[in-house]
Visitor: 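This is the structure I have questions about; it appears just below.
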Amino acid sequence: MKKITRKTFIEDLSLFAGVALLPGTAFASPDRKKSKMKLGMVTYLWGKDWDVPTLIKNCTTAGITGAELRVEHAHGVMPNLSAAERLDVKKKFADSPVQIVGLGTNQQYDYPDQNQLRQSIERTKEFIRLSADVGGSGVKVKPNALHKDVPTEKTLAQIGESLNELAKYAADLGQQLRLEVHGNETQELPNIKTIMDHAPNRNATVCWNSNKQDFNGKGLEYNFNLVKDRFGDTVHVREFNDPTYPYQQLLDWFAKMNYKGWILLECHTNPADKVASLIEQRQLFEKMTA
């Protein structure tokens, strides 16, 4: 297979578009087994203003069966919830077709200030306990930056060691720790690989984030292969009809791995009818993974 870079992908778009218009042409590879991947959503933008009942209702209407709840949004699923309130959130989802995939946090571990680092680690533990209490399966965190006055290797090692500590803690509560490929420089996949090398606990996992930087260096396939042995139960994607990212190829690679986790829509557009747009994305996903 030829190396896929952002340049070669965009050059191939016109050819792909022409093939896709041929009668009987399928989106997915014809020799691929039926996908076991599940479609969910991240409430980063499209669901940020929905409380829990509204989120469940809209996901149910759209046929979206899982949600990663972004913290500090209208759902109000935060560590200040009482035990009774946590149980109520858990029950609402348990009584619906929608599953809490986990919590999406902004906790990060690059801080040069060691007190700030420790505060972030302890705050992450609060979210891990919260996720367990409301029926989630894991917590998403970020790397999240490099600092000009600190050697890169030192920062990457610190992030990895923090993840390793948290992965052990999360495992005891039945939770997965999910490192989002994020941050101006930390989202470069060789840096993510180095971070994970410093986090040998297998409960520390990578959440692929479908960034434009995925094409950097030796190309998309090389970068994907760098971290594929550390993928957790969540993958973040944008809209499947975004022409700047090869989502069919990405889903084919995950299907080839027999990936059984969640493909989570983290959509960045602002449609007037988000439920209708979720339905459209679900239908695209079903075609691409048929």
Side-chain angles (χ1 to χ4, degrees), residues 37-108 119-142 163 166-180 182 203-205 207 209 232-237 260-267 273-275 277-279 281-282:
M37 294 178 282
K38 299 164 288 189
L39 182 66
M41 69 173 293
V42 176
T43 62
Y44 171 54
L45 290 177
W46 281 15
K48 66 184 179 67
D49 298 320
W50 300 341
D51 60 16
V52 167
T54 303
L55 174 63
I56 291 173
K57 176 180 178 293
N58 289 345
C59 283
T60 301
T61 300
I64 300 295
T65 58
E68 179 183 278
L69 306 186
R70 183 66 173 261
V71 302
E72 299 167 354
H73 281 181
H75 344 301
V77 181
M78 290 289 289
N80 62 348
L81 291 182
S82 67
E85 289 169 327
R86 295 176 185 217
L87 186 60
D88 181 62
V89 171
K90 182 177 182 178
K91 187 176 187 306
K92 280 184 169 66
F93 279 95
D95 291 343
S96 81
V98 185
Q99 180 179 334
I100 297 184
V101 176
L103 303 179
T105 79
N106 291 310
Q107 298 309 124
Q108 62 191 74
Q119 289 173 8
S120 186
I121 289 173
E122 294 306 316
R123 183 63 167 170
T124 306
K125 291 179 180 179
E126 293 181 25
F127 283 114
I128 290 170
R129 295 193 296 271
L130 174 63
S131 180
D133 288 345
V134 299
S137 62
V139 171
K140 183 222 75 177
V141 298
K142 298 178 178 180
L163 294 176
L166 288 164
K168 294 176 183 177
Y169 183 87
D172 288 340
L173 292 171
Q175 298 294 298
Q176 188 178 76
L177 191 69
R178 300 159 179 163
L179 181 72
E180 184 179 40
H182 195 274
N203 195 44
T205 66
C207 174
N209 199 41
D233 293 341
T234 59
V235 175
H236 289 176
V237 297
K260 300 175 184 178
W262 290 94
I263 306 298
L264 300 175
L265 291 162
E266 188 178 20
C267 299
D273 188 339
K274 294 181 176 60
V275 175
S277 295
L278 283 172
I279 292 172
Q281 293 302 312
R282 174 180 56 77

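Since this is a predicted model, take the numbers as computed values, not measurements. Side chains are part of it too, since the values below use all heavy atoms of this structure and drop only hydrogens, waters and symmetry mates.
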Visitor: If you measure from OG1 on T234 to CG on L179, what distance do you get to the nearest 0.5 Å?
Guide: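 Rounded to the nearest 0.5 Å, the OG1-CG separation comes to 10.0 Å.
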Visitor: Would you compute the distance between atom CD of Q281 and atom CG of L39 and round it to the nearest 0.5 angstrom?
Guide: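 Q281 atom CD to L39 atom CG measures 8.5 Å (nearest 0.5 Å).
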Visitor: Can you sort out the partners of T124 under side-chain hydrogen bond (donor to acceptor under 3.5 Å, both in side chains), two or more places apart, ordered by chain and number?
Guide: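 Per chain and number, T124 pairs via side-chain hydrogen bond (donor to acceptor under 3.5 Å, both in side chains) with Y109.
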Visitor: In chain order, what residues pass the side-chain contact (heavy atoms from CB on, under 4.5 Å) check against Q119, with sequence neighbours excluded?
Guide: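 For Q119 there are no side-chain contact (heavy atoms from CB on, under 4.5 Å) partners, ignoring immediate neighbours.
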Visitor: Is there a side-chain contact between L265 and V237 in this structure, where contact means two heavy atoms from C-beta onward sitting under 4.5 Å apart?
Guide: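 Yes, close enough: below the 4.5 Å cut-off.
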Visitor: Going by the side chain to side chain donor-acceptor pair (under 3.5 Å) test, which pairs reach into residues 129-141, not counting sequence neighbours?
Guide: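 Qualifying pairs, neighbours excluded: R86-D133, R129-Y169, S131-Q175, S137-R178, K140-E180.
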Visitor: With sequence neighbours excluded, tell me which residues meet side-chain contact (heavy atoms from CB on, under 4.5 Å) with Q99.
Guide: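 Applying side-chain contact (heavy atoms from CB on, under 4.5 Å) to Q99 gives W262.
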Visitor: Kindly give the heavy-atom pair with the smallest separation between M41 and G47, and that separation in Å.
Guide: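 Reported closest heavy-atom pair: CE-N, 4.0 Å.
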Visitor: Please tabulate, for side-chain N and O atoms in residues 65-73, each donor-acceptor pair with protein atoms closer than 3.5 Å (sequence neighbours left out).
Guide:
| residue | atom | partner | partner atom | Å |
| --- | --- | --- | --- | --- |
| E68 | OE1 | H236 | NE2 | 3.4 |
| E68 | OE2 | H236 | NE2 | 3.3 |
| R70 | NH2 | N106 | OD1 | 2.9 |
| H73 | ND1 | T43 | O | 3.1 |

Visitor: Does the side chain of K274 come within less than 4.5 Å of L45's, by heavy atoms?
Guide: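 Counting from C-beta outward, L45 and K274 never come under 4.5 Å.
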Visitor: Can you tell me how far CG of D51 sits from NZ of K57, rounded to the nearest 0.5 angstrom?
Guide: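 Result: 11.0 Å between the selected atoms.
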Visitor: Pair V89, H75 - check side chain to side chain contact (heavy atoms under 4.5 Å, CB included), show working.
Guide: CA-CA 10 Å; V89 171; H75 344 301; over 6 Å; no
Visitor: Are H182 and C207 close enough that some pair of their side-chain heavy atoms sits under 4.5 Å apart?
Guide: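 Sidechains of C207 and H182: no contact.
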Visitor: Does R282 reach the main-chain N or O of A62 with its side chain, forming a donor-acceptor pair under 3.5 Å?
Guide: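 Yes; at least one donor-acceptor contact below 3.5 Å.
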Visitor: Side chains of Q176 and N203: closer than 4.5 Å at any heavy-atom pair?
Guide: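 Sidechains of N203 and Q176: in contact.
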Visitor: With sequence neighbours excluded, what pairs up with D273 under the side-chain contact (heavy atoms from CB on, under 4.5 Å) test?
Guide: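 Partners of D273 by the side-chain contact (heavy atoms from CB on, under 4.5 Å) criterion, ordered by chain and then number, come out as V275, A276.
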Visitor: In Å and rounded to the nearest 0.5 Å, what is the CD1 to CD distance from I121 to Q108?
Guide: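 Result: 12.0 Å between the selected atoms.
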Visitor: Report the C-alpha separation of V52 and V77 in whole Å, then their side-chain angles, then the decisive distance to 0.1 Å, and conclude whether the side chain to side chain contact (heavy atoms under 4.5 Å, CB included) test is met.
Guide: CA-CA 9 Å; V52 167; V77 181; 4.2 Å; yes
Visitor: Take L166 and V141 through the test side chain to side chain contact (heavy atoms under 4.5 Å, CB included) and record every step on the way to the result.
Guide: CA-CA 10 Å; L166 288 164; V141 298; 5.6 Å; no
Visitor: Strictly by modelled atom types, are T61 and N58 linked by a side-chain donor-acceptor pair under 3.5 Å?
Guide: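 No - no donor-acceptor pair under 3.5 Å links their side chains.
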Visitor: Provide the closest heavy-atom pair for A204 versus L163 in the form atom of the first, atom of the second, distance.
Guide: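 For A204 versus L163, the nearest heavy atoms are CB-O, 4.3 Å.
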Visitor: Within this structure, what is the CG-CG distance for the pair D233 and L264, rounded to the nearest 0.5 Å?
Guide: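 Answer rounded to 0.5 Å: 10.0 Å.
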Visitor: Got a sec, which pairs hit salt bridge (Lys or Arg N to Asp or Glu O under 4.0 Å) with one end in residues 87-100, sequence neighbours left out?
Guide: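 For residues 87-100, and leaving out neighbouring residues, the salt bridge (Lys or Arg N to Asp or Glu O under 4.0 Å) pairs sorted by first residue read D88-K92, K91-D95.
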Visitor: Could I get the full list of side-chain hydrogen bond (donor to acceptor under 3.5 Å, both in side chains) partners for S96, not counting sequence neighbours?
Guide: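 side-chain hydrogen bond (donor to acceptor under 3.5 Å, both in side chains) check on S96 returns nothing, list empty.
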Visitor: Output the distance between atom CD (Q107) and atom NZ (K125), rounded to the nearest 0.5 Å.
Guide: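 Reported to 0.5 Å precision, the distance equals 12.5 Å.
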Visitor: Can you run down the ring pair (Phe, Tyr, Trp, His ring centres under 6.0 Å) pairs that involve residues 37-59, sequence neighbours left out, and say none if there aren't any?
Guide: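 Of all non-adjacent pairs touching residues 37-59, those that pass ring pair (Phe, Tyr, Trp, His ring centres under 6.0 Å) are Y44-H268.
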